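Notes follow once the structure below has been shown.
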Amino acid sequence: MIRKKSGFTLMSDKTSPALLGLSYCKSLDLGVSLTFRFQFVLSKAIHDLPGFVTRPFADRVLHTHKDLPVCEIVDQKGTRLGIVIGYAMDQDGQMLDRQHRLDLFAQDTDTEEKIEDWITWLGGRFLVLTNLPSSKASTNHIRKIYPDPAGSLGAVYDPQTGTVASSPLLCLTRDIDPNPYCRPPDELLTNKDLKRLLPEFDRDIPVGGFGFGDTVDRHLRRVMANRAVDLDTFTEHRFWTPDPDMPSLTAVEAADQIVPVLQSMMHAFCNIGPGYFAISGGHDSRMLLACAPDLSKTEMELYCYATNWIGTLDVRVSEVLAETLGRPFFGQIAETGPKGSFIHSRKAANRTRLRFALGSGLGHLGDPWWQRGYARQLRQGDIWLRGNFLEIITARVWPRHDLTPQDELMHALQNTRVVLGDEAHIGRSLARLDDWRQSFPMDEARHLHDLTYLDLTLAPAQSNFYGFSSHTYIAPGNHRRVYQAAMQVPWQDRKRGLLYDAIMARANPALQQVPLVGMATYRARKLGVPAREFLEQKIAELPTRATSGVDVAVPTQD
């Protein structure tokens, strides 16, 4: 059968087996379009995915949710070279739209190298799929998939079928073949609705994190950050490696490089449509806020929420940050307090958990913000900006004390969030970590934990953010120039806050004066006084702030 969709003519295979995610949605009476919002499937067959747009790509079919942007990459003659899925900003500070013309020609002998250099300096949440002419006798085309710097628009692939998808349940047309080394959380496996659909997982193996490219299925692999996957052979290669001999920078020198990039990213992502910029009382979102454009000229709303007591302090500090900028602010706390819920129907709460479980590829049932219906109170489909992935700036993943070489490796392994089971399981994971260490040149004394974080920690965790299918999750700090410049500052200086201080001083010193929640609670504990009382005292000592429209209710109990 031939059918037309989105202006393309496609051959449709009526016998294509249903994707596992669709079968699960049907069994659980969940809508496919909402459950798998912002996701994609690249396969050899057409699948009937409600709410998805279908188009040819290379020798396959690309299905993208209607709310997921797609940009075509062309050369100077208009020859198609590939596509970008998601949200990306180029090194000139421009958001990629429906088509982007590169300054090269498809027949150049170094086209692939030029493409990879261009991809290296894209920022945002995206995947790039290339389809380049090849000069090799063995193939006519070079077809690869490249992730963003953190692997945040996740992708998994099945080498057996050639299917690539956002998450495992959109990649499989068969039942899950359980990973023999780790399994989904017990709360998911014991859920009465999911239990009847899922295969038996060995209860003697530890609960995941799935690291080193592993997934819930033993055959599926996750595309890891800084690596490309050949879409024909499904072999991987590293396409970005920081220079191990790159010179050291002072905090001020690095800030001079980082701030312009963050300013470009924030300008680009704050102007792509209505949404929420989730700020807090910590470091990461504050650096982005300091680099933000005039938000009064955007449709981006400052936002914070609390699902526990410490979160109420985040809301209070976020309110002060908004006041400092003279901007409206929305602080979200349930009426009954930070442990309350916006969902009062047990059935509705369970459906919310089920949708998260399927959308995340059986990652988990959602965090409290999701399970308690906070997301349902926000405008659906909006952008949701978060201050994630900037832990390198504060060297948060580095150990606080000197460690033995073996303990140093265990610290690195634990930071990848990979599951750790018995001695044999730990030994296997350490061997995989060692293989990774040996796969590219690295100055371990300077960069071991930075590169562990970038290469191994970030991508596996991002699959869960597909569960937040109400909003488009984007981290505007996700850029390799930011990571690379930060890594050039000695980690000891970063851990002391020198790079953070230099960034804030260059970008917006007024925001730097607002107390950090972590520091306030630490000092209050040392003084033996209530944290909220200490925090309010420090806020009262701040210079006069601008007034703003604030919508927030914060419980007063300490």
Side-chain angles (χ1 to χ4, degrees), residues 37-38 67-69 86-90 93-97 123-126 148 150 152-153 258-306 311 314-333 369 374-390 465 468-479 482 503-504 507-508 510-511 514 545-552:
R37 196 172 191 172
F38 310 122
D67 294 334
L68 183 64
Y87 295 86
M89 184 199 80
D90 70 9
Q94 298 298 312
M95 289 293 299
L96 304 190
D97 200 358
R125 189 184 188 198
F126 60 88
D148 66 48
S152 66
L153 191 70
I258 290 171
V259 169
V261 178
L262 291 182
Q263 288 174 333
S264 293
M265 292 280 281
M266 287 301 293
H267 183 273
F269 288 106
C270 285
N271 283 284
I272 57 176
Y276 301 90
F277 177 15
I279 59 176
S280 72
H283 295 85
D284 300 347
S285 62
R286 191 173 308 195
M287 285 185 281
L288 295 178
L289 186 61
C291 294
D294 182 354
L295 294 176
S296 67
K297 298 178 180 179
T298 74
E299 298 180 87
M300 202 58 62
E301 181 176 356
L302 294 179
Y303 164 73
C304 186
Y305 63 93
D314 280 309
V315 171
R316 179 68 179 111
V317 170
S318 297
E319 176 187 3
V320 176
L321 291 170
E323 289 178 358
T324 303
L325 294 177
R327 294 302 306 146
F329 168 74
F330 173 36
Q332 192 183 29
I333 307 175
W369 179 83
Y374 279 65
R376 291 160 58 125
Q377 308 303 307
L378 305 181
R379 296 183 302 273
Q380 303 299 285
D382 279 11
I383 303 297
W384 198 39
L385 302 183
R386 290 287 300 260
N388 294 63
F389 312 148
L390 296 178
F465 285 108
F468 296 123
S469 53
S470 305
H471 308 89
T472 301
Y473 166 85
I474 299 174
N478 190 22
H479 200 291
V482 173
I503 289 171
M504 295 300 296
N508 193 329
L511 296 183
V514 179
R545 303 181 301 278
T547 58
S548 64
V550 177
D551 180 10
V552 59

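Worth saying up front: this structure is predicted, and the values here are computed from it rather than measured. We count residues from 1, following the sequence as given.
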Validation row, ring centre Y473 to ring centre F468 under 6.0 Å:
no

To the nearest 0.5 Å, what is the distance between SG on C304 and CZ on R316?
12.0 Å

Which residues pass the side chain to side chain contact (heavy atoms under 4.5 Å, CB included) test with A290, not counting sequence neighbours?
M504, A507, N508, L511

Roughly how far apart are R37 CZ and L68 CG, rounded to 0.5 Å?
11.5 Å

How close do L385 and C270 get, heavy atom to heavy atom, and via which atoms?
CD1-SG, 4.0 Å

Spacing of M95 atom CE and H267 atom NE2 [to the nearest 0.5 Å]:
11.5 Å

Student check: side-chain heavy atoms of Y276 and D382 closer than 4.5 Å
yes

Can you tell me which residue among Y305, Y374, Y303, F277 is in a ring pair (Phe, Tyr, Trp, His ring centres under 6.0 Å) with F330?
Y303

When you measure from the side chain of D148 to the backbone of F126, do you find a donor-acceptor pair of N or O atoms at a distance under 3.5 Å?
yes

Nearest heavy-atom pair of D284 and G387: which atoms, and what distance?
CB-O, 2.8 Å

Side chain to side chain, S318 and F329, heavy atoms closer than 4.5 Å:
yes

Taking the side chain as C-beta and beyond, is there a heavy-atom pair between V317 and R286 under 4.5 Å?
yes

Look up atom CE in M300 and atom CZ in R327, then write down how far apart they are to the nearest 0.5 Å.
11.5 Å

Side chain proximity check, L302 to L321, heavy atoms < 4.5 angstrom
no

Nearest 0.5 Å please: distance from the CG atom of N271 over to the NZ atom of K297.
10.5 Å

Note: R125 and S152 closest approach over all heavy atoms is NE-O, 2.8 Å

What closest approach, in Å, do A322 and P328 show between heavy atoms, and which atom pair accounts for it?
CB-O, 4.3 Å

Looking only at non-hydrogen atoms, find the nearest pair between I474 and I272 and report the distance.
CD1-CD1, 4.0 Å

For the backbone of L378 and the side chain of Q380, can you confirm whether one donor and one acceptor N or O come within less than 3.5 Å of each other?
yes

Please check if the side chain of D314 supplies one atom and the backbone of G281 the other of a donor-acceptor pair under 3.5 Å.
yes

Backbone N or O of P274 within a donor-acceptor pair of the R379 side chain at under 3.5 Å?
no

Taking the side chain as everything from C-beta on, heavy atoms only, tell me whether T472 gets closer than 4.5 Å to D67.
no

Can any side-chain N or O of S285 pair as donor or acceptor with the backbone N or O of S280 at less than 3.5 Å?
yes

Considering the options F38, Y87, W369, F269, which one meets the ring pair (Phe, Tyr, Trp, His ring centres under 6.0 Å) requirement together with W384?
W369

Rounded to the nearest 0.5 Å, the CG atom of L325 sits from the CD1 atom of I279 at a distance of 8.0 Å

Mind listing the closest non-hydrogen atom pair of N388 and A475 along with its distance?
O-CB, 3.9 Å

Looking at side-chain heavy atoms only, is the closest gap between M89 and H479 below 4.5 Å?
yes

